[in-house]
Structures are given as structure tokens and as C-alpha cells.
Amino acid sequence: MVLKNGTYKIVTFGCQMNLADSGVLAAILNAHGYRAVETEQDAEVIILNTCSVRQKAEDRVFGRLGELLAIKRRNGVKIAVVGCMAQRMGDEILERAPYVDFVLGTDRLYELPGYLANGEPIPSIHTDFGYEHIDGIVPERDSPYSAFVTISRGCDNFCTYCIVPYVRGRERSYPVDRIVGQVRDFVADGVLEVTLLGQNVNSYRDGDSDFADLLKAVASQTDIRRIRFMTSHPKDLSDKLIEVLATEPKMMTHFHLPLQSGSDRILQKMGRGYTFAHYHDRVRTLREVVPDISITTDLIVGFPSETEEEFRMTLDAVREIRYDSSFMFRYSVREGTAAARLIDDVPEPEKIRRLTELITLQKTVSYEKNQEEVGLVREVLVDGVSRRDPSVVKGKTEGNKTLLFKAGPEYIGTIQKVNVITADSWTLHGEPVK
Ligand code: SAH
Ligand code: SF4
Ligand code: F3S
């Protein structure tokens, strides 16, 4: 089977890292003469870039694979399952969906054009680590104005609940020069804002350069207008990094700092390497040095043996820190992780109850935090028209909040000062400053 210059559709599940990888894969496919199409029906190759972080993420992919069978029967489309699930459970994917043609792990997905063109025996599985080679292309992206730049891959933290170190392998950083070059290429292609990505950006290292040095290099050696990053691990958050946020005007004032739990006993069982007091102290310093910073987090409820009282500590943490917003999850057992050896003893209905209570609290806190924005002037990178109202444009503030305001499409692709007039839990609404 040889397929060249065909059409393709990539469906991405999971985190920004996967979105970034999909962008690289799309650029590589385009360079090989392939062409992206909108729908799976029109594609000759369908690529699912998958996530293993929770059971629900994996169920969703198997659900989608089930739907693809009908298309496969009708037109013989080639199906590739790539990324984190491919890495973790390649054989099981082929057992449950034998019509899948290619299974390519997190470091092998970029080789897809070669496998498509070579007449590779089908199905084929490739999941060795360490085969990424992606220099010399400008990745595709959803927005013309903002882009993800991967600065490191893998993770060495082995938080006890987490599959990422297993599916992404050992942590390795890309050289500063390469990242600066990538940002320059993006700028030349119209990008105004980059988000630097790593599982733990604070452990970035290239020779003598740490993450704070990398930020300074990107800010001073490129014409990028705005810089964001994620994710920071609280145990490694340095004063030097906080200083860069305070002194470098291109740095956006948003910090995503996953807490996971407000209980020290649970944090210890999660292998997070900090106490709530240490975390709180880091937040205090952040807010002292960068008063305007918006802080967001990740939280897990129902970790093995979490008591009601310990769950209440997570609620208290949300009240004390007053997060601008949070990603909140029910604990999900991941086979092969250290926590999978513990008994998953918080019953599912109880996890759901805790999650619901947490979400309700965060919604109130988000509402209050957003009210504090009313009356302020924010700068928005306008990246599109509101889906609900074509006379309204939308974009992100410095603090990564969605701001909507009435204006024509000529504002798209500009950075605009906007008066914040009203706010709800999820969005701000404003008027452009005259
Ligand atoms: N490297 C990042 C993101 C990791 S995955 C970090 O360390 O913050 C994103 C989030 O998914 C995690 O922060 C955690 O809150 C959640 N998560 C990871 N594994 C999980 C599991 N087994 N069950 C429930 N949530 C999980
Ligand atoms: Fe997972 Fe922890 Fe690594 Fe984040 S830091 S990817 S939660 S192991
Ligand atoms: Fe991201 Fe999911 Fe993989 S969160 S790193 S796509 S397991």
C-alpha cells in the first residue's frame, strides 16, 4: 500500500503538548504534499492524537474509533492512532480496533509520512522513544496569531497518580537557540503571542541556562509581543523566574500552578514534593512581586484514602488562594503508576459529589475575581469573532481571561486596549478604549 499526496484529518485529544505535536505533524504532512481537510469523511488518512491522562480520555478515543469503522468500511480510509495512548497500549488498541493501520508513539508520530509512503506492513506499531526530528518547519496552528512552542518533552517527576512520565519518557530540553529560532519563524509568519510548553518548565535546562534565562532570551532576541508558558511545578518555582515576570514587559501576567490537593498528607501520597504552606508562600511572593497576576490551578478529588476532612482542605485552599480559575478532576487509576497499587477507595458517587462541590465553589470565586476586573483597562490579543454574535470579537487578556467586545473583524490580529465593563464567572465584556 503506497499513499502519497493524499488528504488528511487530525483529531487531537488531551493537552496543549498534544496540540503542539499535532501542529508539527500537520506541517510535516503538508511538506510531503498532503492536504488537510475539514471532515473525516473527506480524508484519506485519519489521525487520532490521543491522551491517556484519565480513563475518560481513553474511553473517548475508543468511542471515536468505533465511529470511524463505518467510514473505514465505506472508503478504506487509513487510520493512525498516535501519541500517549499509542505509547501506552499499542497492542490493546489493535485488539479492540483491528482496523487501525498505524500505531505511533509520542516520539514516532512524525514518521507517519514515511510509513504511508513506504508500503509498510499494516498494521504496524512503533513506540520506541527518542526518534523525534523536527527541525526546519513552521508548525501549523489553530490561530494565526498565537502559537505553542515545545521547550521540553517528557517528565521525571513521577507524581504517583500520573501516566505522563511513562507515555512521554524522560525529560529533555531543547536548546535555547533552537527555541529562539522557532519563535522567530513564528513571528515572521504573523504570530504575536507564544506559549512555551513543558510538563515542568521550571526544570528546563540547556547548559548554564535555566527557564528564566530562556524567557529572557526569547523576550530580547525575538520580536514576539507576548509570552506565556505552562506548566510550572510548585516545588521548583524560583524567585529568579518571578523576577522575570515582574521585569519583562512581554511576559503575560498569568501563572498556572497546579496544587492538586490542599492536604499535606495527600500531597505527600501524590509525591508532589511540597506542602500547602510552601505552595501558599510561593503564591504570596508571586502576588507581592507581580500584584496583577492571575493564578490558575489543577485539582484532583478522591485520591485513594482522601477523607472528607482532607477534601475540605482543598476547598479551603481554593478559598484562601482565590484562584482565577481551575481545572478540576476526579482521580482516575492509571495502570502502572505507583498510586495504582493503592486501593481506589473513594466511591465514584462520592468523587462526583466532591467534584461538584469544588466546581461550585470555584465558580463563585471566579465570579468574584472577575468582578475585580471591572473598571480596569486590559490589553486583548483579538483572535476571532464571537461564535454567538458576529458583531462581537474576542480575545485573551494578559491574565488569560476571555474578553468580548463589540467591534468589527478589522480588529482581529491586533492587540487592543479594552475597558472592562461587566464580568461573569467565565468571561469579561468591555468596550475598546478610544
Ligand atoms: N505536567 C503538568 C500537567 C499534567 S496532566 C503538571 O504537572 O501540572 C494535567 C493534570 O491532570 C494534572 O495536573 C492533574 O491535575 C490531572 N491528572 C493527572 N493524572 C491524573 C489522574 N490519574 N487522575 C485524575 N487527574 C489526573
Ligand atoms: Fe504528571 Fe507530575 Fe509530571 Fe505533571 S509533574 S506530568 S502531574 S508526573
Ligand atoms: Fe498530554 Fe494526555 Fe499525553 S495530558 S501528555 S496528551 S497523557
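Counting convention: from 1, in listed order, for ligands and their atoms alike.
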Select all protein residues for which some heavy-atom-to-ligand 1 distance is less than 4.0 Å, and list them by chain and number.
-> Val53, Arg54, Tyr161, Gln199, Thr231, Pro258, Gln260, Arg272, Asp298, Ile300, Phe329, Arg330, Tyr331, Ser332, Arg334
Would you tell me whether [X] and [Y] have side-chain atoms, one donor and one acceptor, within less than 3.5 Å of each other?
X	Y	result
Tyr161	Gln260	yes
Glu398	Thr253	no
Thr307	Glu310	yes
Thr12	Ser22	yes
Asn200	Asp236	yes
Asp264	Gln268	no
Lys235	Asn202	no

Under 4.0 Å from any heavy atom of Gln199, which atoms of ligand 3 are there?
-> 5 (S)
Shortest protein heavy-atom distance from atom 7 (S) of ligand 2, along with the residue and atom involved | Tyr161 OH, 3.4 Å
Apply the test ring pair (Phe, Tyr, Trp, His ring centres under 6.0 Å) to residues Phe229 and His256: give CA-CA distance (whole Å), side-chain angles for both, the deciding distance (0.1 Å), then the verdict.
-> CA-CA 8 Å; Phe229 58 85; His256 186 66; over 10 Å; no
Give a yes or no on whether the backbone of Val77 and the side-chain of Asn75 come within a donor-acceptor separation of less than 3.5 Å.
-> yes
Please tabulate, one pair per line, all N/O donor-acceptor pairs under 3.5 Å involving side-chain atoms of residues 187-194, not counting sequence neighbours.
unit_1: Asp189; atom_1: OD2; unit_2: Arg141; atom_2: NH1; d: 3.0
unit_1: Asp189; atom_1: OD2; unit_2: Arg141; atom_2: NH2; d: 3.0
unit_1: Glu193; atom_1: OE1; unit_2: Arg226; atom_2: NH1; d: 3.0
unit_1: Glu193; atom_1: OE1; unit_2: Arg228; atom_2: NE; d: 3.4
unit_1: Glu193; atom_1: OE2; unit_2: Arg228; atom_2: NE; d: 3.1

Can you tell which of Met252, His254, Arg378 makes a side-chain contact (heavy atoms from CB on, under 4.5 Å) with Thr397?
-> Arg378
Of all heavy-atom pairs between Glu306 and Ile266, which one has the smallest distance, and what is that distance?
-> CA-CD1, 3.8 Å
Taking the six-membered ring for Trp and the full ring for Phe, Tyr or His, determine whether the centres of Tyr204 and Tyr174 are under 6.0 Å apart.
-> no
Establish, yes or no, whether a centroid distance under 6.0 Å links the rings of Phe102 and His126.
-> no
Which protein N, O or S atoms lie under 2.8 Å from atom 2 (Fe) of ligand 2, given by chain and residue number?
-> Cys159 SG
Near atom 3 (Fe) of ligand 3 (protein N/O/S, cut-off 2.8 Å, waters excluded) we have Cys84 SG
